[in-house]
Amino acid sequence: MTIVSTEPDEELELPEQMQIRRDKRNKLAAQGLDPYPVALPITATIASVRLQFPDLEIDVQTGIKVGLAGRVIFVRNTGKLCFATLRAGDGTEIQGMLSLAKVGEEALDQWKSLVDLGDHVFIAGEVITSKRGELSVLADTWTMASKSLRPLPVAHKPMNDDSRIRQRYLDLIMRPEARQMAQTRITAVGQIRRSLEARGYQEIETPMLQTMHGGATARPFITTSNAFDLQLFLRIAPELFLKRAVVGGMERVFEINRNFRNEGSDSTHSPEFAMLEFYQAYADYREMAKLTRELIQEAAQAVFGSQVVTHMDGTEHDLSGEWREVSLYGSLSEAVGEEITPQTPRTRLVELAKSVGLEVGTTWVEGKIVEELFEHHVISTFDGQPTFVMDFPIDTSPLTRDHRSEAGKVEKWDLYINGYEQATGYSELVDPVVQRERLMEQSALGARGDVEAMKLDEDFLRALEHGMPPSGGVGIGVDRLLMTLTGLGIRETILFPLVKPERA
RNA sequence: GGGAUGCUAGCUCAAUGGUAGAGCUGCGGACUUUUAAUCCGUAGGUUCGGGGUUCGAGCCCCCGGCGUCCCA
């Protein structure tokens, strides 16, 4: 450990309140009281005390002694009797009481002069209720558990959004909804793991640093290995490695982990985001759609005790039962009033796009135009209802197998909930010859300037050539699932989302 | 990418182009049953950064930074 003090210069610039807290820290040390003790004789949690004494009468002495710690969030000091509300990390609270009679004059004076809002303190004493009936610990002794050198935000006004996200720890301290959001994520992701494991799935971890990125169309983050003198990519999807695992005989695998895409962020996109992908040998996309619905319903059940989801704004969304299916081409045809098929000429698609103000990118293939038209015309008609959109164009889905009965389409669905894409599922393309052709087409697109086109991954193709069982696969955006469950933006579902530095 | 809008005390916010204020927090004092304790007193500012207009800029103009909302 290095001890380098730059204090004298810094101290001159500190805001008064921070300087005062530093002074208190130093006073504690000067009085032989460690402001950051290494261990405390804790015998109970705040939650356990509340659980043990759920409804005591007013002004009761239990005779039970406990030692517990918490963060001071309110203080009410009177002359010879002091009150403080202590809060634990789980949000549970209990009142600490310090009386002159019990702790003595020196300890009481130290309490009043050295404890600030935000400090962690340890209190040892008897569990009682006050004359107003508040469950309390009447201290025999108190100890500083950790001196806070910065003031907390005011408890009675909402912090601004920027501070809440940049300093999520403060958000978690101050706002029950922030703690609840974190807990909701834990519950939902835990349930997904249990649901998949209950169906015989195994969780594995595949590379985040990849020598070739694949499995999706997106721009990657690029980095370098110094030791290997090698350009590496942060993965945009785990798909190609999970499929290698299926080739290797892991017939039901899933991974919950981070993907990275070098794009902007908005209320539904983050440059790094959590993705669940799962693959099941001998399943097709319809079977995977059913499993996807069950996973989301079971996650909702775990969080809310119901498949009717209640957002934080109070609105309810029913996720129970079967979910609607619409055909991509069919629903688009209906919306534009003419039959659109994979055989519709590009010139007609471009006309339709222009007629609604869509600018057709120079690298767009026909399927891309169809998908954009679909998003423009159809998604708003879903009314937020969970909807599987079935059967996509071939040329935008290079990893999906041809439709078993409809030319020009692949067996792929997208799931929309509340108007945004929540999940996607395939009957996976396992024919290595066709897969090579598809990736060759992607390479051609790349050569024409499409920076998102997939690369030709020879090692992946070699794995396929060893024979991958017919399989279904699904990707579910975990952050978006949390958005579906809570109604919040993606930056609320991610505990520490990427934010630009405050000073350039 | 385009448009709108915001950045002021530790926090949340005020302030016709004319002396930068309030509440909470802090500090000093009173109080042995408080619950956002109360009461008395008091301190606290590079108004995001840079440039310009003006007798005078938190406010108007330009450039930059960091957000938020809407649109594509």
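Letters go in sequence order (proteins before strands), and every chain restarts at 1.
The residue A/Glu359 sits apart from the nucleic acid: no heavy atom pair falls under 4.0 Å. Counting non-hydrogen atoms under 4.0 angstrom, A/Arg166 reaches the backbone sugars and phosphates but no base. In this structure, A/Lys157 reaches the sugar-phosphate backbone alone: every heavy-atom distance under 4.0 Å involves primed, P, OP1 or OP2 atoms, never a base. At the heavy-atom level, A/Met18 lies nowhere under 4.0 Å from the strands shown.
A donor-acceptor pair is defined here as one N or O able to donate and one able to accept, closer than 3.5 Å; no such pair exists between the side chain of A/Ser136 and the backbone of A/Gly96. Remark: side-chain polar atoms of A/Asn262 are not paired, donor with acceptor, to backbone N or O of A/Arg219 under 3.5 angstrom.
Rounded to the nearest Å, the gap between the P atom of B/U8 and that of B/G67 is 15 Å. To the nearest whole angstrom, the two P atoms, one in B/G64 and one in B/C70, are 25 Å apart. Distance check on atom P: B/C24 versus B/A37 gives 11 Å, rounded to whole Å. Here the separation of B/C66 from B/C48, taken at their C1' atoms, is 8 Å to the nearest Å. Taking atom C1' on both nucleotides, B/G23 is separated from B/G50 by 33 Å, rounded to a whole Å. Remark: the separation of the P atoms in B/G3 and B/A9 is 29 Å, to the nearest Å. Annotation: B/U25 and B/U19 have their C1' atoms spaced 26 Å apart (nearest Å). Look at the P atom in both B/U33 and B/A43: the space between them is 31 Å, to the nearest Å.
Computed from coordinates, the A/Gln19 CD to B/A43 C1' distance equals 15 Å when rounded to whole Å. The interatomic distance linking A/Asp116 (CG) with B/C27 (C1') rounds to 11 Å, in whole Å. Rounded to an integer number of Å, the gap from CE of A/Met159 to P of B/G6 is 22 Å. Spacing between atom CG of A/Asp161 and atom P of B/U12 amounts to 10 Å, rounded to whole angstrom units. Look at CG on A/Asp162: it is 16 Å from P on B/G65, rounded to the nearest Å. Here B/G26 presents its C1' atom at 16 Å from CZ of A/Arg22, a figure rounded to the nearest Å. Nucleotide B/G28 holds its P atom 7 Å from the NZ atom of A/Lys24, rounded to whole Å. Note: CZ (A/Arg76) to C1' (B/A30) measures 18 Å, nearest angstrom.
Side chains of A/Gln167 and A/Asp171: a donor-acceptor N/O pair is absent below 3.5 angstrom, by distance only.
Which of B/C11, B/C31, B/G44 sits closest to the side chain of A/Thr78 comes down to B/C31. With B/U12, B/G10, B/A36 as the candidates, the nucleotide lying closest to the side chain of A/Phe74 is B/A36. In the set B/C66, B/C11, B/U33, the nucleotide with an atom closest to the side chain of A/Leu81 is B/U33. When distances are taken from the side chain of A/His156 to each of B/U32, B/C24, B/U12, the shortest belongs to B/C24. Across B/G26, B/C11, B/G67, the shortest atom-to-atom separation from the side chain of A/Ile20 is found for B/G26.
The base of B/G10 sits with one of its N or O atoms less than 3.5 Å from a complementary donor or acceptor on the side chain of A/Gln17.
Pairing partner, B/A9: none, since no Watson-Crick or wobble contact has both distances short of 3.5 Å. Under the Watson-Crick or G-U wobble criterion, with both distances below 3.5 Å, B/G1 is paired with B/C71. Taking a pair to require two hydrogen-bonding distances under 3.5 Å in either a Watson-Crick or a G-U wobble arrangement, B/U19 remains unpaired. Across all strands shown, B/G56 forms no Watson-Crick or G-U wobble pair with both key distances under 3.5 Å. The base-pairing partner of B/G44, taking Watson-Crick or G-U wobble contacts with both distances under 3.5 Å, does not exist among the strands shown. Base pairing of B/U32: no nucleotide in any strand meets the Watson-Crick or G-U wobble criterion (both distances under 3.5 Å).
For A/Lys24 and A/Asp119, the salt-bridge test fails: no basic side-chain N is under 4.0 Å from an acidic carboxylate O. We find that A/Arg168 and A/Glu492 are joined by a salt bridge, their nearest charged nitrogen and carboxylate oxygen being less than 4.0 Å apart. A salt bridge does not link A/Lys354 with A/Glu351: every distance from a Lys NZ or Arg NE/NH1/NH2 to an Asp or Glu carboxylate oxygen is 4.0 Å or more. Under a 4.0 Å N-O distance rule, the pair A/Asp116/A/Lys147 qualifies as a salt bridge.
Across the interface with RNA chain B, nearest-nucleotide mapping of A/Ser113 and A/Val75 shows A/Ser113 to be the residue nearer the 5′ end. Take the nearest nucleotide of RNA chain B for A/Pro158 and for A/Leu498: the residue whose nucleotide is more 5' is A/Pro158.
Contact annotation: A/Lys112 does not reach the phosphate of B/C27 (side-chain N/O to OP1 or OP2, under 4.0 Å). Distances shorter than 4.0 Å separate none of the side-chain N or O atoms of A/Asn77 from OP1 or OP2 on B/C31.
Across A/Glu452, A/Arg261, A/Met454, A/Met275, a single residue satisfies side-chain contact (heavy atoms from CB on, under 4.5 Å) together with A/Ile236, and that is A/Arg261.
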